[in-house]
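Below is one structure; the comments refer to it alone.
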Amino acid sequence: MVRVRFAPSPTGYLHIGAARTSLFNWLFARHHKGKFILRIEDTDLARSSEEMSRGILEGLNWLGLEWDEGPLYQSERIDVYRKRAEELVGKGCAYNCFCLPEEIRERKEMASSRGEYWEYDRRCLKLSEREKSKFEEEGRPKAIRFLVPEGEIRYSDLIHGPISVASKNIEDFVLLRGDGLPTYHLSVVVDDIEQGITHVIRGDDHISNTPKQILLYKAFGSPLPQFAHLALILGPDKKKLSKRHGVTSILQFREEGYFPLAMLNFLAQMSWSPGEEKRLYSLGEMIKEFSLEKLSKGSPVFDLDKLDWLNGQLISQMSVDELAPYVFEELKRENIIQSEPSGKKKDWYLKLVELLKERSRKIKDFPLRAKPFLSGDIDYDPAGIEKYLRDERLEELLPKLREDFARMESFTVENIEKVLRLRAEKEGVKAALLIHALRMLVVGTPVSPGIFDVLELIGKEKTIERMDKFPEI
RNA sequence: GGCGCUAUCGUCUAGAGGCCUAGGACAGGUGGUUCUCAGCCAUCAGACCGGGGUUCGAAUCCCCGUAGCGCUGCCA
């Protein structure tokens with residue numbers, strides 16, 4: 001049975017990199033009908049926060065990456081890690097270290113000032129019993145260091161293939177800090193063992209940590225999981241992801257009007273390509289097609305244009321009925337409407353959504369475009385006025401058109417078009433002249449959906465009302 | 001500094017020694033449809049990091065460079 005985990009540290013947001021790692025774990029679990037486990041790695045008490053934890057869970061929930069077990073909080077298991085560290089000391093795989101972090105920092109700084117590199121020299125391993133008990137009596141804090149055995153550590157990464165590191169390049173790392181709290185290496189391995197994790201799928205930043213952790217598995221006498229290291233997402237400048245780019249919460253994307261499925265496609269398609277010509281996958285398709293072998297090794301740069309396109313595709317694929325609730329929600333949030341429309345009013349709103357759907361890529365696009373339909377308070381675009389309302393002929397034509405409209409009994413798309421074109425023909429002008437002018441008068445911008453649709457939706461009365469404002473412009 | 005990982009159009013990628021004159025998608029250019037925008041259709045431009053090998057043949061394998069990233073924390 002496949003068991004994978006997502007193990008974020010609540011010292012930061014669930015950003016797009018973490019969300020993608022989580023997605024790949026989730027897809028792998030669902031593909032293999034295994035379990036997806038959530039673990040919160042909050043052993044760094046000072047920097048972890050409950051608020052971050054909540055945000056991470058909320059982000060996962062929004063994306064729909066439901067977990068099967070957990071969340072397990074490492075901060076609640078400190079005793080377990082401590083015991084396991086002692087166990088290794090007993091086995092001779094680890095030893096007490098009385099060096100203070102400040103002392104170590106000093107030695108490193110000394111060395112680097114001479115242009116050298118200092119690495120832990122095992123001085124506490126060589127301590128005599130008397131020296132040790134003296135330190136103990138002094139109440140000097142002691143850490144536990146892992147005794148890195150000689151040899152070469154090799155493993156086969158599911159994405160990268162064979163990776164090997166000589167253990168002489170690994171220094172005796174700390175397992176348990178002076179304050180009794182575990183370090184990452186200890187807690188992650190203990191929990192991966194206890195939770196029966198079969199596949200460790202995480203970011204490439206852990207590739208160099210893996211040999212250390214393999215050594216730990218061996219010291220504990222536990223079987224190794226398989227490892228798969230995902231290429232890290234880069235920012236648009238090809239540099240490491242930073243706050244300038246995507247290291248804000250994934251929830252930010254929800255605020256900006258993206259759908260989870262678009263987000264999921266966007267995340268998955270950085271490194272993953274199922275090979276088909278398709279671009280927007282359903283969850284089911286992603287689960288079915290997913291495999292670690294199809295992941296590429298190189299770091300992708302994230303490109304928001306692609307996300308916009310994906311979201312736009314999703315919106316155009318959605319039916320008006322599916323889409324409308326989200327749009328209404330957004331209109332409410334923007335205080336454009338007070339409550340969800342119902343009855344006849346709702347039909348009108350559905351037509352509006354239909355009109356705006358093709359030209360929208362995010363839910364956030366709707367309020368702005370919907371505004372001219374919902375309020376007579378129009379912001380006239382100055383450039384548009386210059387371009388479309390300065391023709392002298394309009395002074396005479398528009399009142400005539402207004403009268404044409406006023407006489408109409410059935411103000412429908414077809415009829416409006418008929419009337420307008422007839423008027424243009426009579427006057428010997430292009431219909432476009434009237435159309436552009438009308439658009440400016442009625443919506444205030446040179447861009448909108450087809451004018452006849454717009455007019456029908458706005459209605460005869462309001463259309464005329466807005467046309468009458470003309471002389472004041 | 002040491003160690004490790006990576007390297008195909010601007011971006012995401014296809015490519016597992018001959019199918020590659022390197023394919024697709026996003027973004028961009030042009031044209032068409034049209035009342036504008038979007039869309040749709042058509043079309044154009046655009047890449048194998050550099051150098052050496054191996055091989056009849058290399059984007060694909062090997063080596064060396066270069067660059068980027070990661071680790072080198074009593075952070076995770």
Side-chain angles (χ1 to χ4, degrees), chain A residues 7-12 41-44 46-48 74 97 99-102 104-105 108 111-112 115-117 119 141-145 157 159-160 163-166 168-171 173-185 187-188 202-212 229 231-232 234 236 238-240 266 269-273 275-279 296-310 312 316 356-361 369 384 387-388 417 420-421 430-440 443 445-452 454:
Chain A
S9 167
T11 53
E41 308 215 322
D42 55 351
T43 53
D44 185 346
R47 293 197 299 158
S48 296
Q74 290 192 322
C97 174
C99 298
L100 270 9
E102 304 88 78
I104 287 177
R105 202 180 322 126
K108 286 200 171 171
S112 74
E116 290 165 17
Y117 183 79
E119 129 176 328
K142 68 179 176 193
I144 292 178
R145 276 185 191 272
D157 191 281
I159 292 168
H160 293 275
I163 290 176
S164 67
V165 179
K168 65 167 192 246
N169 292 316
I170 303 173
E171 73 178 317
F173 52 95
V174 171
L175 296 177
L176 203 68
R177 302 181 241 196
D179 59 6
L181 292 173
T183 64
Y184 165 69
H185 296 299
S187 58
V188 78
R202 76 229 297 194
D204 262 355
D205 48 344
H206 290 296
I207 222 167
S208 304
N209 291 328
T210 305
K212 298 177 196 172
H229 288 96
L232 262 17
L234 265 26
K238 291 210 173 199
K239 297 283 183 202
K240 198 184 148 183
F266 176 62
Q269 287 174 46
M270 283 189 279
S271 293
W272 182 66
S273 163
E276 282 177 68
E277 291 301 288
K278 240 182 123 148
R279 267 350 331 142
S296 56
K297 303 183 214 180
S299 293
V301 170
F302 81 91
D303 172 22
L304 264 5
D305 280 340
K306 182 76 170 283
L307 174 60
D308 281 351
W309 182 79
L310 249 10
S316 62
L356 301 180
K357 191 162 96 94
E358 277 308 314
R359 6 181 99 65
S360 301
R361 300 191 135 193
R369 299 198 173 133
K387 191 165 177 200
Y388 294 121
E417 176 159 14
L420 183 141
R421 291 197 187 280
K430 278 191 182 162
L433 178 70
L434 294 173
I435 286 169
H436 288 135
L438 263 179
R439 173 172 289 115
M440 283 311 300
V443 295
T445 61
V447 171
S448 85
I451 192 67
F452 307 116
V454 171

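Lettering follows sequence order; numbering is per chain, from 1.
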Give none if [N] has no partner; otherwise give the nucleotide forming a Watson-Crick or G-U wobble pair with it, both distances under 3.5 Å.
N	value
B/U66	B/A7
B/A27	none
B/G1	B/U72
B/G39	B/U33
B/A45	none
B/A59	none
B/C20	none

Between [options], which nucleotide has the shortest distance from any of its atoms to the side chain of [X]?
X	options	answer
A/Asp303	B/A76, B/U13, B/U11	B/U11
A/Tyr117	B/U72, B/C26, B/C75	B/U72
A/Val447	B/U36, B/G70, B/A25	B/U36
A/Val301	B/C12, B/G73, B/C69	B/C12
A/Ala432	B/C35, B/C74, B/C3	B/C35
A/Asp44	B/C75, B/C71, B/G73	B/C75
A/Thr183	B/A14, B/G24, B/C74	B/C74
A/Arg145	B/G24, B/C74, B/U72	B/C74
A/Asp204	B/C5, B/A76, B/C26	B/C5
A/Ile207	B/C71, B/A14, B/C5	B/C5

Pair A/Thr210-A/Arg202, side-chain donor/acceptor within less than 3.5 Å: yes
Side chains of A/His160 and A/Asp204, donor plus acceptor under 3.5 Å: yes
How would you label the contact of [X] with the nucleic acid (heavy atoms, under 4.0 Å): base, sugar-phosphate, or nothing?
X	value
A/Phe452	base
A/His229	nothing
A/Ser112	nothing
A/Gly178	base
A/Thr43	sugar-phosphate
A/Glu116	nothing
A/Pro449	base
A/Ala431	nothing
A/Pro300	sugar-phosphate
A/Ser9	sugar-phosphate
A/Lys108	sugar-phosphate

side-chain contact (heavy atoms from CB on, under 4.5 Å) assessment of A/Leu176 paired with A/Leu181: CA-CA 6 Å; A/Leu176 203 68; A/Leu181 292 173; over 6 Å; no
Determine: side-chain N/O of [X] to OP1/OP2 of [N], distance under 4.0 Å, yes or no.
X	N	answer
A/Arg361	B/C26	no
A/Arg279	B/U13	no
A/Lys238	B/U11	yes

Return the value, rounded to whole Å, for the distance between atom [atom1] of [X] and atom [atom2] of [N].
X	N	atom1	atom2	value
A/Trp309	B/G39	CH2	C1'	13 Å
A/Glu119	B/U72	CD	P	13 Å
A/Asp157	B/C5	CG	C1'	10 Å
A/Glu171	B/G1	CD	C1'	14 Å
A/His160	B/A7	NE2	C1'	13 Å
A/Leu232	B/G70	CG	C1'	7 Å
A/Lys357	B/A38	NZ	C1'	13 Å
A/Leu307	B/C12	CG	C1'	13 Å

A/Asp303 and A/Lys306 ion-paired at < 4.0 Å: no
Pairwise side-chain contact, A/His436 with A/Pro446, heavy-atom cut-off 4.5 Å (strictly under): no
Working for side-chain contact (heavy atoms from CB on, under 4.5 Å), residues A/Lys142 and A/Cys97: CA-CA 5 Å; A/Lys142 68 179 176 193; A/Cys97 174; over 6 Å; no
Base of B/A76 paired with side chain of A/Asn209 (donor-acceptor, under 3.5 Å): yes
Gap between atom CZ of A/Arg361 and atom CG of A/Asp305 - 0.5 Å precision: 7.5 Å
side-chain contact (heavy atoms from CB on, under 4.5 Å) between A/Tyr184 and A/Asp44, intermediate numbers included: CA-CA 9 Å; A/Tyr184 165 69; A/Asp44 185 346; over 6 Å; no
